[in-house]
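Quick note: numbers below take in every heavy atom, side chains included, and nothing from hydrogens, waters or symmetry partners.
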Number of protein chains: 2
Amino acid sequence: MTEALWEPSSLPSSAAVDYDGRVTDCATCVVRNRAICASLDADELALLGKLGRRQRVKAGHTLLWEGDDAPVVANVLDGVLKLVVAAADGREQIVGIVFPSDFIGRPFGKESPYSATAMTDAEVCIFNRKSFDEFASAHPDLQHKLLRRTLDELDRARHWMMLLGRKSASEKVASFLLEMSERLSGQGCNAGTRSGFELPFGRQQIADILGLTIETTSRQLTKMRADGLLDLPSRREIVINDRAAMEDMAG
Amino acid sequence: MTEALWEPSSLPSSAAVDYDGRVTDCATCVVRNRAICASLDADELALLGKLGRRQRVKAGHTLLWEGDDAPVVANVLDGVLKLVVAAADGREQIVGIVFPSDFIGRPFGKESPYSATAMTDAEVCIFNRKSFDEFASAHPDLQHKLLRRTLDELDRARHWMMLLGRKSASEKVASFLLEMSERLSGQGCNAGTRSGFELPFGRQQIADILGLTIETTSRQLTKMRADGLLDLPSRREIVINDRAAMEDMAG
DNA sequence: CGCTGCTTTGATTCGTATCAATAGCAGTGG
DNA sequence: CCACTGCTATTGATACGAATCAAAGCAGCG
C-alpha cells in the first residue's frame with residue numbers, strides 16, 4: 001500500500017527523496033548538539049553515522065504509517081513533521097509536532113502507533129530500527145538521552161490531554177498560539193522579544209491539533225484579531241499583541 | 001501546603017500511611033517480575049531495596065502534587081492511582097491511570113507535571129528521586145526498562161488524545177470500557193473469558209478520564225444497558241454482553 | 001430510620017459542528 | 001499584465017450534542 005520512503009530500492013528519482021547517502025558528517029550536523037546524538041563521543045558518532053542515512057521528505061509525504069511495521073527511526077534535521085492518529089472514517093488527531101533535533105519513531109517495538117507526515121519540506125537522518133535498537137542498547141548515554149526526551153514528550157502529551165478534554169475553543173486556540181510562540185522562537189533567528197512568528201502549517205492542521213473544526217478555528221482567530229489580541233499579516237503569520245490577555249484566555 | 005506523605009517526619013500515626021519501613025524483601029515482592037525492578041539481579045535488587053520504602057496510601061490521598069518539587073518516584077504494589085492535571089477553576093482531566101507494577105513520578109526532572117492521587121487504598125514502594133536517578137544512571141538495564149515503559153505510556157497517551165479530541169460521548173465510553181476490560185482482566189483472578197469487571201472508581205472519575213460530565217457519562221451507560229450492550233449489576237460493576245457491538249461503537 | 005454522598009433522570013441552554021456560500025490568495029498560461 | 005483555476009480561509013445560517021441547572025432515586029452507614 002505504501003511506497004516506503006525508507007526503502008532505497010523503491011525510490012523513484014522523482015519521489016520525495018532527493019538523495020540518499022550514508023551519513024559521513026555527523027560532526028558537522030546542524031543538530032549535532034541538540035539531538036540525542038549529543039551524548040556520543042567522536043568514535044561512537046562515527047559508528048552511528050555508518051548506520052544512518054540522510055533523506056529529504058517533501059511536504060505532505062509520509063515517512064511512517066500508522067499500524068505498519070515500521071523498520072525505521074529518525075532524527076529530524078530540518079523542517080516540521082506531524083504525528084497523526086486517524087479513525088476509520090477519516091477523522092484525524094495530530095498527537096505530536098516534531099521539530100529539528102527531535103526524534104521520530106518507535107524504538108523497541110515494531111508497529112508504529114501513528115503516522116509521521118512532513119508538514120514542510122524536511123530533512124531527516126534515518127536509521128534502521130533494529131540496528132538502532134542494538135546500538136542504543138550498547139550505549140547507555142544515548143538511551144539516557146532518549147529516555148529524557150521521551151519523558152518530556154509524555155509530559156507534553158499529558159498536558160495536551162487536558163487541553164483536548166477540558167478546554168473551550170477559545171482557550172484551546174490561545175494555548176496553542178502561546179505554545180507555538182515558544183517552540184518556534186527557539187528556532188530561526190528571531191530577535192528574542194518579537195512576538196510574531198510564522199506557523200509551519202495551515203488552519204486545518206491547527207484544527208487537527210486542537211480537536212476542533214477548521215471553521216471554529218478560523219472564527220476564534222478572527223475574533224481575537226477583532227479584539228486586538230493579535231494581528232494576522234498573512235495566512236500563516238501570527239503577531240501576538242497582548243500576551244497577558246492571551247495567557248488569561250488560555251485558562 | 002501539603003502534608004507530604006513521603007516525608008517520614010511529617011507522618012502522624014493516623015495519616016494515610018500505616019507503616020513506613022525500609023524494603024527488605026524485594027525478592028518476594030508481589031510485582032517483582034512485572035515492575036522495572038525485574039531488570040535487576042539479586043545484588044542490585046538488595047541495593048535498590050535499601051533506597052526504597054514501602055508505604056500505604058489511603059483512597060483519596062495525594063502522593064504527588066502538580067507543580068510541586070517532587071522528591072520522590074515510586075512503584076505501585078497494590079491499588080490504583082490517577083494522574084491528574086487541573087485548571088485554576090477546578091476543571092480536572094485524568095491523564096493516566098496507574099496500576100500495580102506501574103511506575104509513578106518524574107525521574108530526571110524536579111517539578112511534577114501532574115498530581116498522583118490514590119483512587120483505592122494503595123501500597124507503593126517509594127524512592128527518593130535523587131537517589132533513584134543516580135541508581136538508574138548506574139544501571140542501564142533499569143533505565144532500559146524505564147524507557148520501554150515510558151514509550152508505552154506515551155503511545156497510550158497519544159491514543160487517548162485521539163479519543164479526547166475527536167470522539168463522541170458514546171465512542172468515548174465504549175472505548176473506555178473496552179480498555180478497562182483489558183487492563184483489569186490482567187489483574188485479579190478473573191477466569192479468562194468473563195467479560196465482567198469491577199471498576200476501581202466512580203462515575204465522576206470516568207467523566208474526568210473521558211473529558212465528559214458525570215451526567216453525560218451516566219446517560220451513555222444507561223443507554224448502553226437499555227440497548228442490551230451491557231449490564232450494570234452494581235455501581236462499579238460492568239458486564240459487557242456484546243463485545244462486537246461495543247467495538248463497533250468505539251469507532 | 002434517616003442521614004449523606006453518589007447516581008440517575010429530566011428540562012433547557014449553549015457551544016461547536018455541520019452545511020453552504022463567498023472571498024482571497026498563489027500559481028498558470030494566455 | 002491580467003484572466004483563469006484550484007485551493008485555503010472566512011463568513012453565515014442552522015442543527016445537534018453535550019453541558020448546565022435542577023430534582024429525584026438509591027445505596028451505604030451511623
**Asked** Can you check the A:Lys223 NZ to D:dT10 C1' distance for me, whole Å?
**Response** 16 Å
**Item:** Residues in contact with DNA chain C, drawn from residues 157-173 of chain A - heavy-atom cutoff 4.0 Å
**Value:** A:Ser168, A:Ala169
**Item:** Closest to side chain of A:Ile214, choosing from D:dT10, D:dA18, C:dT9
**Value:** D:dT10
**Request:** State which of D:dT20, C:dT16, C:dT18 makes the closest approach to the side chain of A:Glu215.
**Result:** C:dT18
**Item:** Phosphate OP1/OP2 of C:dC25: any A:Arg235 side-chain N/O under 4.0 Å
**Value:** no
**Request:** Report the nucleotide, chosen from D:dA13, D:dA18, C:dG5, that has the shortest atom-to-atom distance to any side-chain atom of B:Thr216.
**Result:** D:dA18
Side-chain donor/acceptor pairs under 3.5 Å, residues 157-165 of chain A, sequence neighbours excluded:
from: A:Arg158; atom 1: NE; to: B:Val95; atom 2: O; distance (Å): 3.4
from: A:Arg158; atom 1: NH1; to: B:Tyr114; atom 2: OH; distance (Å): 3.0
from: A:Arg158; atom 1: NH2; to: B:Glu153; atom 2: OE1; distance (Å): 2.8
from: A:Trp160; atom 1: NE1; to: A:Ile209; atom 2: O; distance (Å): 3.2

**Message:** I need the CG-P distance between A:Leu199 and D:dA9, as an integer number of Å.
**Reply:** 11 Å
**Message:** How many whole angstroms separate atom CG of A:Leu232 from atom P of C:dC25?
**Reply:** 12 Å
**Prompt:** Rounded to whole angstrom units, what separation is found between the CZ atom of B:Arg91 and the P atom of D:dT20?
**Reply:** 9 Å
**Asked** Taking N and O atoms by type only, does the side chain of A:Arg219 place a donor or acceptor under 3.5 Å from a partner on the base of C:dT18?
**Response** yes
**Request:** Could you check how far CG of B:Asp89 sits from C1' of D:dA19, rounded to whole Å?
**Result:** 14 Å
**Prompt:** Does A:Ser218 put a side-chain nitrogen or oxygen below 4.0 Å from OP1 or OP2 of D:dT10?
**Reply:** yes
**Request:** Please assess B:Gln205 against B:Arg203 for the test side chain to side chain donor-acceptor pair (under 3.5 Å), listing each intermediate value before the final yes or no.
**Result:** CA-CA 5 Å; B:Gln205 288 175 329; B:Arg203 295 287 183 268; over 6 Å; no
**Request:** Would you classify A:Leu221 as touching base, sugar-phosphate or nothing, given that sugar-phosphate means primed atoms plus P, OP1 and OP2, and contacts are heavy atoms under 4.0 Å?
**Result:** nothing
**Request:** Please confirm whether any donor atom in the side chain of B:Arg225 sits under 3.5 Å from an acceptor in the base of C:dT9, or the reverse.
**Result:** no
**Asked** With respect to the side chain of B:Leu212, which nucleotide from C:dT16, D:dA19, D:dA9 is positioned closest?
**Response** D:dA19
**Request:** Inspect the contact between B:Arg34 and B:Asp102 and indicate whether a charged nitrogen and a carboxylate oxygen are less than 4.0 angstrom apart.
**Result:** no
**Prompt:** When rounded to the nearest 0.5 angstrom, what is the spacing between CH2 in A:Trp65 and OG1 in A:Thr117?
**Reply:** 6.5 Å
